[in-house]
Amino acid sequence: PKTPLTIPKGMTFIVKFEGSRGDTHELQCKVVRPYKISPGKPVSDVGMEIIKRPPEYLDLLKTLKK
């Protein structure tokens, strides 16, 4: 059996995602609530703080609320 992996508090990573218009966004984030990952199961709950956001971030949030 595979061992679960814990994402440690304070770990930093880049979250990349595609917007509704097909544009790509990147947010530099830091884990604020650790989460244990079970092998073979998707991760659904990681507490993170955005520590570096692009200038267009607020415009992106406005489009998500529509």
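If you read the sequence from its start, that first residue is 1, and numbering goes on from there.
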- Message: Minimum heavy-atom separation for Cys29 and Ile50, please, with both atom names.
- Response: SG-CG1, 4.1 Å

- To the nearest 0.5 Å, tell me how far Asp23 CG sits from Glu18 CD. 7.5 Å

- Would you say the side chain of Met48 lies within less than 4.5 Å of the side chain of Val15, judging by non-hydrogen atoms? yes

- Message: Suppose we screen for side chain to side chain contact (heavy atoms under 4.5 Å, CB included). Which residues come up paired with Lys30, at least two apart in sequence or across chains?
- Response: Thr12, Glu49, Ile51

- Query: Under a 4.5 Å side-chain heavy-atom rule over Ile, Leu, Val, Met, Phe, Trp and Tyr, are Leu58 and Phe17 clustered together?
  - Reply: yes

- Residues two or more places apart in sequence or in another chain: which of them pass salt bridge (charged side-chain N to carboxylate O under 4.0 Å, His left out) with Glu26? Lys16

